[in-house]
Amino acid sequence: MSIPRRTTGPAAPTALRSLRSARGAAAALGLAVTATLTGVAASPAPATANAAVGPVFENGMAQPVFSTNRNDWIRQEVWVETPIDSDGDGRNDRVHAEVTRLQETETAGLKSPVVYEASPYYAGGNPITNHDVDHELYEPTRPGKGGHDHGSVLEPWADERLAAAGSDGTGAFAKAADTGPQPAISTSHESNWLPRGFAVVHAESLGSGKSDGCPTTGGRNETIGAKSVVDWLNGRAKAYDATGAQVKATWTTGKVGMIGTSYNGTLPNAVASTGVKGLEAIVPISAISSWYDYYRANGAVVAPGGYQGEDTDVLAEYVYTRADSQICRSVIDDLAKAQDRTTGDYNAFWDERNYMNDVRNVHAAVLVAHGLNDWNVKTKQAAQWYEALAARKVPHKIYLHQGGHGGSPSLDVLNRWFSRYLWGYKNGVENDPRALIQREDRTLVEYPEWPDPAAHNATLNLAPGADGAAGVLTRDKPRHHGKPVTETIVDDATQTAETLAAAATSDNRLAYQSGTLTGAVRLSGTPLVSLKMSFGQPSANVTALLVDYDQTGKAKVITRGWTDPQNRKSISRTERIKPGSPYRIDVDMQPHDYVFAAGHRIGVVVLSSDHDYTIRPTPGATLNLDTAHSTVKLPIVGGADAFTSANG
């Protein structure tokens with residue numbers, strides 16, 4: 001993730017100030033380094049001469065009736081003891097945290113709920129080197145020739161667990177199949193929340209800054225580390241100051257709301273999945289719900305956008321900023337082995353980092369925020385998490401905007417959420433429309449739910465073009481008289497997907513376009529292509545794009561998806577491809593909400609390697625598509641009829 005821009009604001013807590021000097025090193029990293037605080041610009045708060053005796057609410061929101069003077073802040077540095085020893089030094093890991101609260105509220109005898117952000121980034125980052133991606137794809141050894149198919153180390157029960165958790169075996173969350181950082185950084189959580197009676201806690205993730213333990217990129221120990229702070233705030237864990245004296249959180253109600261962007265937003269998902277008592281609300285912004293879907297896609301090794309070759313070991317190395325730089329070396333080495341960049345299979349390593357497994361434990365009210373054009377933490381992360389929570393009747397809301405990585409809801413939206421679930425003020429937020437979406441013209445529109453309940457799959461067929469030109473995307477079933485109609489793709493990873501989508505003709509992609517739309521068509525959910533393909537060699541990437549072609553023919557890639565055809569039956573097992581044999585290859589694209597304007601055309605483009613995301617083998621591999629037995633499913637508001645009525 002790219003480094004966010006900072007604006008001037010109140011001084012950060014001492015342990016966090018080093019973030020400013022880390023910006024250069026962080027530029028090479030995929031997951032964004034958020035600054036002291038993630039959120040929105042603080043609204044002006046009037047200073048008060050007299051201490052308020054309690055929170056004041058107007059329009060459903062806590063008002064800034066307490067002091068805005070930083071001299072009135074109480075700062076406290078603690079180390080929270082966890083029940084784990086991830087660095088193997090014979091002592092339980094401790095998480096470094098900094099508490100900020102108002103003297104004014106304590107003088108008034110008011111106990112405060114807590115806004116809490118955990119992060120591995122507060123101490124900056126280390127120089128890192130990403131993995132090479134310019135190499136050939138893995139091909140399993142043929143049985144009888146001294147080898148066998150590669151099976152992942154996933155336990156035998158894993159496929160059953162995946163099914164129970166909602167995976168359909170293609171890497172798409174089953175309940176989402178038909179639907180669907182550059183964070184907004186401003187001043188500080190302190191400026192926003194202390195004047196409204198909240199306290200603020202920042203904690204450093206295990207292995208970073210002043211915390212003990214080891215970084216494991218989403219591993220269970222990191223979840224427990226961040227959870228232990230919630231336990232301490234509720235009297236279930238111990239904490240100590242720099243002298244070793246025990247510190248108790250007697251000043252809080254124990255009600256906690258976690259918030260953050262990117263990795264800082266992923267930790268709230270992780271902690272909420274434990275069901276820890278006291279965590280009443282979370283606001284995950286551009287957050288991960290399954291680390292496999294961050295670094296892999298349907299068996300393919302896929303990068304976060306803009307960070308080709310990053311993986312869990314690279315990220316762990318980056319955030320490994322604790323003073324002892326050697327004690328966690330073996331732990332990071334183990335990450336490099338277990339993540340399996342060779343096959344891309346889902347295995348026990350990834351299963352540990354899949355919070356979807358434990359979504360049933362979540363009781364915190366969840367306000368999901370995500371950029372519709374976030375190609376770092378892709379939209380599937382938000383969609384599968386949100387839809388699972390909605391299905392389980394967890395209090396939920398989603399904010400989708402037109403930006404990329406990062407981007408918080410407004411302070412008013414956050415305030416209503418925290419006022420309801422942390423202060424317990426009954427403002428009716430649970431009755432508000434569930435979805436707040438920034439449309440293409442940047443207006444905010446409320447919808448009852450997301451994906452739009454009125455969206456239904458329109459199944460479209462592919463009619464081939466000629467001499468590399470685009471074919472037709474149509475509801476009509478092309479006549480083929482029972483014979484396959486085959487088109488060929490020649491892989492060329494040196495060309496970007498955007499270049500291939502825009503090309504009038506090309507041997508390196510297949511393109512299909514609708515007629516010119518006579519009216520707007522809204523997509524809401526997860527597009528899926530189901531392809532009948534054969535291959536000229538034992539391995540290949542398969543990439544699918546959804547494209548908007550404007551009146552001039554200019555192409556805009558709206559969403560995309562990837563798969564390894566060797567994982568056509570299961571994301572947890574690689575199976576050989578026999579050259580020339582036909583296979584059913586399904587590719588789920590990233591969920592989206594998009595309006596195709598009148599006068600435009602809807603396009604689907606199929607290619608092999610995606611220069612910016614997949615492994616990049618030597619050009620020349622061939623893929624053959626049987627168009628007569630391939631389809632595209634688009635979740636369109638109004639369904640197939642809406643597509644037909646607008647398709648000129």
Side-chain angles (χ1 to χ4, degrees), residues 1 25-26 28-34 82 84 86-87 93 95 118-131 153 181 203-209 211-227 260-271 273-274 284 286-297 301-305 307-322 325 327-341 344-358 376-378 381 405:
M1 301 177 185
L29 186 74
L31 280 172
V33 177
T34 55
T82 76
I84 54 174
S86 65
D87 56 16
D93 298 338
V95 171
S119 176
Y121 294 139
Y122 292 145
N126 300 307
I128 45 89
T129 301
N130 289 356
H131 294 274
V153 296
E204 295 187 287
S205 190
L206 291 180
S208 69
S211 291
D212 299 332
C214 294
T216 56
T217 312
R220 192 169 290 114
N221 65 311
E222 292 184 355
T223 300
I224 294 172
K227 169 185 175 292
T261 297
S262 197
Y263 210 145
N264 300 14
T266 299
L267 287 165
N269 283 347
V271 175
S273 75
T274 70
S286 290
I288 292 168
S289 55
S290 169
W291 284 88
Y292 181 85
D293 296 324
Y294 185 66
Y295 289 119
R296 306 288 184 270
V301 176
V302 171
Y307 300 92
Q308 265 284 30
E310 187 190 296
D311 218 319
T312 65
D313 58 330
V314 176
L315 182 54
E317 181 67 40
Y318 179 79
V319 303
Y320 180 31
T321 53
R322 59 173 289 185
S325 61
I327 195 170
C328 296
R329 286 295 158 203
S330 63
V331 173
I332 296 177
D333 288 344
D334 287 343
L335 296 182
K337 296 174 184 176
Q339 67 194 7
D340 183 12
R341 286 185 64 84
D345 288 355
Y346 185 96
N347 58 24
F349 173 87
W350 297 110
D351 201 54
E352 178 185 336
R353 292 160 174 79
N354 185 355
Y355 311 127
M356 298 301 300
N357 290 335
D358 298 312
N376 186 333
V377 176
K378 304 171 188 71
Q381 300 283 356
H405 194 61

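The distance from the CD atom of Glu222 to the CZ atom of Arg353 is 7.5 Å, given to the nearest 0.5 Å. Going from atom NE2 of His131 over to atom CG of Asp313 covers 3.5 Å, rounded to the nearest 0.5 Å. Considering CG of Leu267 and OH of Tyr355, their distance stands at 6.5 Å, rounded to 0.5 Å. Between atom CD1 of residue Ile288 and atom OH of residue Tyr295 there is a gap of 6.5 Å, rounded to the nearest 0.5 Å. The OH atom of Tyr263 sits 5.5 Å away from the CG atom of Leu315 when rounded to the nearest 0.5 Å. Taken from CD1 in Ile332 to SG in Cys214, the straight-line distance is 7.0 Å, to the nearest 0.5 Å.
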| Between Ile327 and Arg322, is a side-chain contact (heavy atoms from CB on, under 4.5 Å) present by the stated rule, with each step listed? | CA-CA 10 Å; Ile327 195 170; Arg322 59 173 289 185; 3.6 Å; yes
| request: Take Ile84 and Leu206, measure what side-chain contact (heavy atoms from CB on, under 4.5 Å) needs, and give me the verdict at the end. | output: CA-CA 11 Å; Ile84 54 174; Leu206 291 180; 3.9 Å; yes
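Under the 3.5 Å distance criterion, with hydrogens and angles disregarded, no donor-acceptor pair is assigned to the side chains of Asn269 and Ser289. Defined by atom type and a distance below 3.5 Å, a donor-acceptor pair is missing between the side-chain atoms of Tyr292 and Asp351.
The heavy-atom pair separating Pro215 from Val319 by the smallest distance is CB-CG2, 3.7 Å. The heavy-atom pair separating Gln381 from Tyr294 by the smallest distance is NE2-N, 3.2 Å. Smallest separation of non-hydrogen atoms from Cys328 and Asp87: SG-CB, 4.3 Å. In terms of heavy-atom proximity, Val377 sits nearest to Ala287 at CG1-O, 3.3 Å. Considering every non-hydrogen atom in both Asn376 and Pro304, the closest pair reads OD1-CB, 3.5 Å. Minimum interatomic distance between Val271 and Thr223 (heavy atoms only, all atoms of both residues): CG2-O, 3.9 Å.
In terms of the side-chain contact (heavy atoms from CB on, under 4.5 Å) criterion, residue partners of Thr321 (sequence neighbours excluded) are, by chain and number, Ala123, Asn126, Ser208. By the side chain to side chain donor-acceptor pair (under 3.5 Å) test, Gln308 is found to be paired with no residue, residues two or more places apart in sequence or in another chain being considered.
Between the side chain of Asn347 and the backbone N or O of Phe349 there is at least one donor-acceptor pair closer than 3.5 Å. Judged by distance alone, the side chain of Ser86 and the main-chain N or O of Gly213 form no donor-acceptor pair under 3.5 Å. A donor-acceptor pair under 3.5 Å is formed between the side chain of Trp350 and the backbone N or O of Gln339.
Val95 has its side chain out of reach of Glu204: every pair of non-hydrogen atoms, C-beta onward, lies at least 4.5 Å apart. Residues Tyr320 and Arg329 meet the side-chain proximity criterion, which asks for heavy atoms closer than 4.5 Å.
Crowding of Arg220 atom CZ: a count of heavy atoms from other residues, nucleotides or ligands under 6.0 Å not exceeding 12.
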